[in-house]
Amino acid sequence: MKLPPGSVAKAKTLQRRLRARIVLAHLKEKPKFIAGADAAFDGDFALAAACVFSFPALELLDIKTACVKVKFPYIPGLLAFREGPAVINVVKKLRPKPDVLLIDGQGIAHPERMGIASHVGLLLGIPTIGCAKSRLVGECGEPGKKAGSRVELVYKGETVGAVLRTKDNVRPMFISPGHLVDMEDAVSIVLECARGFRMPEPTRQADLITKKMKREGKQQCAG
DNA sequence: GCGACAG
DNA sequence: ATCTTGTCGC
């Protein structure tokens with residue numbers, strides 16, 4: 001996928017401008033509604049899905065989907081410019097509006113502290129948590145084999161995330177605050193959303209929906 | 001120059 | 001992310 005000249009440099013400049021507005025603070029109230037969002041790809045289109053659950057009961061309350069044309073290729077560190085538009089579009093449709101949003105990707109565990117979770121959280125103005133299946137940046141050890149064990153993810157001398165075992169004996173998840181939450185919130189909320197699978201329920205369901213959309217064809221999706 | 005590199 | 005069969009482990 002081709003990009004107009006200078007797009008990559010402009011994207012990086014925007015990240016550095018937006019990161020000044022990221023706020024990491026402890027949630028004042030326990031969330032009542034939590035959502036998860038993810039996207040799959042079919043040609044030049046991003047098939048996005050988002051779902052909201054009651055929290056901490058995790059009863060499914062709403063599901064929304066969207067099909068958005070992608071204008072950016074995948075470039076490590078610039079995922080928000082590829083998936084962000086579709087995710088923002090679909091999350092805006094959710095009812096009730098979520099108090100916290102889990103996104104498949106990094107929060108501040110990013111070269112510019114602006115992973116997709118931080119980026120989307122800032123643009124939507126809602127608390128977000130990055131839930132990635134693998135590492136983008138940072139150094140870390142290996143957490144214990146039991147669910148709940150964790151080690152810090154350190155980047156340039158700063159703790160930017162947690163390498164968290166969400167299930168016994170499975171590869172850990174890379175959790176990092178996105179926006180309007182702190183590290184403790186991120187880890188505790190993800191653990192409360194762990195329901196016997198590696199991925200926390202909100203993100204896991206969004207991922208399943210996304211793959212189903214792809215199987216059944218993008219022609220019938222909203223957006 | 002070489003290796004790393006979310007989805 | 002996506003392309004892909006059988007297969008090992010809980």
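Naming: A, B, ... by sequence-line order, numbering from 1 per chain.
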Legend entry - Validation row: A:L124, A:K92 side chains within 4.5 angstrom (heavy atoms): yes
Inset, instruction - Sort out for me which residue in A:L191, A:V190, A:V163 forms a side chain to side chain contact (heavy atoms under 4.5 Å, CB included) with A:R150. - result: A:L191
Inset, instruction - Taking heavy atoms of chain A and a 4.0 Å limit, find me the 5'-most and 3'-most nucleotide of DNA chain B within that range. - result: B:dA4 to B:dG7
Legend entry - Quiz item: cation-pi between A:R204 and A:F197, 6.0 Å / 45°: yes
Inset, instruction - Identify the two heavy atoms, one from A:V160 and one from A:I108, that lie closest to each other, and give their separation to 0.1 Å. - result: O-CG1, 3.3 Å
Inset, instruction - State, yes or no, whether a side-chain contact exists between A:L101 and A:I129 at a heavy-atom distance under 4.5 Å. - result: no
Inset, instruction - Report yes or no: does A:S176 contribute a side-chain atom to a donor-acceptor pair with the main-chain N or O of A:C131 at less than 3.5 Å? - result: no
Legend entry - Contact check, side chains of A:C140 and A:F174, non-hydrogen atoms, under 4.5 Å: yes
Inset, instruction - Give each stem of DNA chain C as a range with a range, requiring at least 3 consecutive Watson-Crick or G-U wobble pairs whose two distances are under 3.5 Å. - result: none
Legend entry - Contact residues, residues 126-163 of chain A to DNA chain B [heavy atom, < 4.0 Å]: A:A132, A:K133, A:S134, A:R135, A:L136
Inset, instruction - Answer yes or no: is there a side-chain heavy-atom contact under 4.5 Å between A:R171 and A:K133? - result: no
Legend entry - Sequence neighbours excluded - salt bridge (charged side-chain N to carboxylate O under 4.0 Å, His left out) pairs with any residue from residues 25-39 of chain A: A:K30-A:E192
Inset, instruction - Go through residues 72-88 of chain A and report each residue with a non-hydrogen atom lying under 4.0 Å from DNA chain B, sorted by number. - result: A:Y74, A:P76, A:G77, A:L78, A:L79, A:E83
Show every donor-acceptor pair shorter than 3.5 Å between a side-chain atom in residues 55-63 of chain A and any protein atom, with sequence neighbours excluded, or say none if there are none.
from	atom 1	to	atom 2	distance (Å)
A:D62	OD1	A:K64	NZ	2.9
A:D62	OD2	A:K64	NZ	2.9
A:D62	OD2	A:R95	N	3.0

Inset, instruction - Please say whether more than 12 non-hydrogen atoms of neighbouring residues, nucleotides or ligands are located less than 6.0 Å from CD in A:E139. - result: no
For a quick test of your reading: what N or O donor-acceptor pairs under 3.5 Å do the side chains of residues 1-18 of chain A make, sequence neighbours left out?
from	atom 1	to	atom 2	distance (Å)
A:S7	OG	A:P4	O	2.7
A:T13	OG1	A:A9	O	3.0
A:Q15	NE2	A:G77	O	2.9

Inset, instruction - For A:A109, report the nucleic acid contact type (base, sugar-phosphate, nothing); a contact means any heavy atom under 4.0 Å. - result: nothing
Inset, instruction - Determine yes or no for a side-chain-to-main-chain donor-acceptor pair under 3.5 angstrom, with A:R198 supplying the side chain and A:K167 the backbone. - result: no
Inset, instruction - Check the hydrophobic clustering (I, L, V, M, F, W, Y; side-chain heavy atoms under 4.5 Å; chains of links allowed) and say if A:I209 and A:I34 are grouped together. - result: yes
Inset, instruction - Take A:L122 and A:I22 through the side-chain contact (heavy atoms from CB on, under 4.5 Å) test and state the conclusion after the steps. - result: CA-CA 7 Å; A:L122 182 62; A:I22 289 297; 4.0 Å; yes
Legend entry - Residue pair A:T128 / A:V100, side-chain heavy-atom distance below 4.5 Å: no
Inset, instruction - For DNA chain B, determine which residues of residues 98-105 of chain A have any heavy atom closer than 4.0 angstrom to one of its atoms, and list them numerically. - result: A:D104, A:G105
With 3.5 Å as the limit, what N/O pairs link the protein to nucleotides 4-10 of chain C?
none

Inset, instruction - Could you list the residues that satisfy salt bridge (Lys or Arg N to Asp or Glu O under 4.0 Å) with A:D207, not counting sequence neighbours? - result: A:K211
Inset, instruction - Kindly say whether A:A49 contributes a backbone atom to a donor-acceptor pair with the side chain of A:T65 at under 3.5 angstrom? - result: no
Legend entry - Separation of C:dT2 C1' from A:D42 CG (nearest whole Å): 11 Å
Legend entry - Dot-bracket encoding of pairs in DNA chain B, which uses [ ] for pseudoknotted crossings and | for another strand, Watson-Crick or G-U under 3.5 angstrom: .......
Legend entry - Residue pair A:K214, A:D42: steps toward the salt bridge (charged side-chain N to carboxylate O under 4.0 Å, His left out) verdict: CA-CA 7 Å; A:K214 196 177 168 178; A:D42 185 14; 5.7 Å; no
Inset, instruction - Look at the side-chain N and O atoms of A:K214 and state whether any lies under 4.0 Å from the OP1 or OP2 oxygen of C:dT2. - result: yes
Inset, instruction - Could you name each residue pair satisfying side chain to side chain donor-acceptor pair (under 3.5 Å) that touches residues 109-124 of chain A, not counting sequence neighbours? - result: A:R19-A:E112, A:R113-A:E158
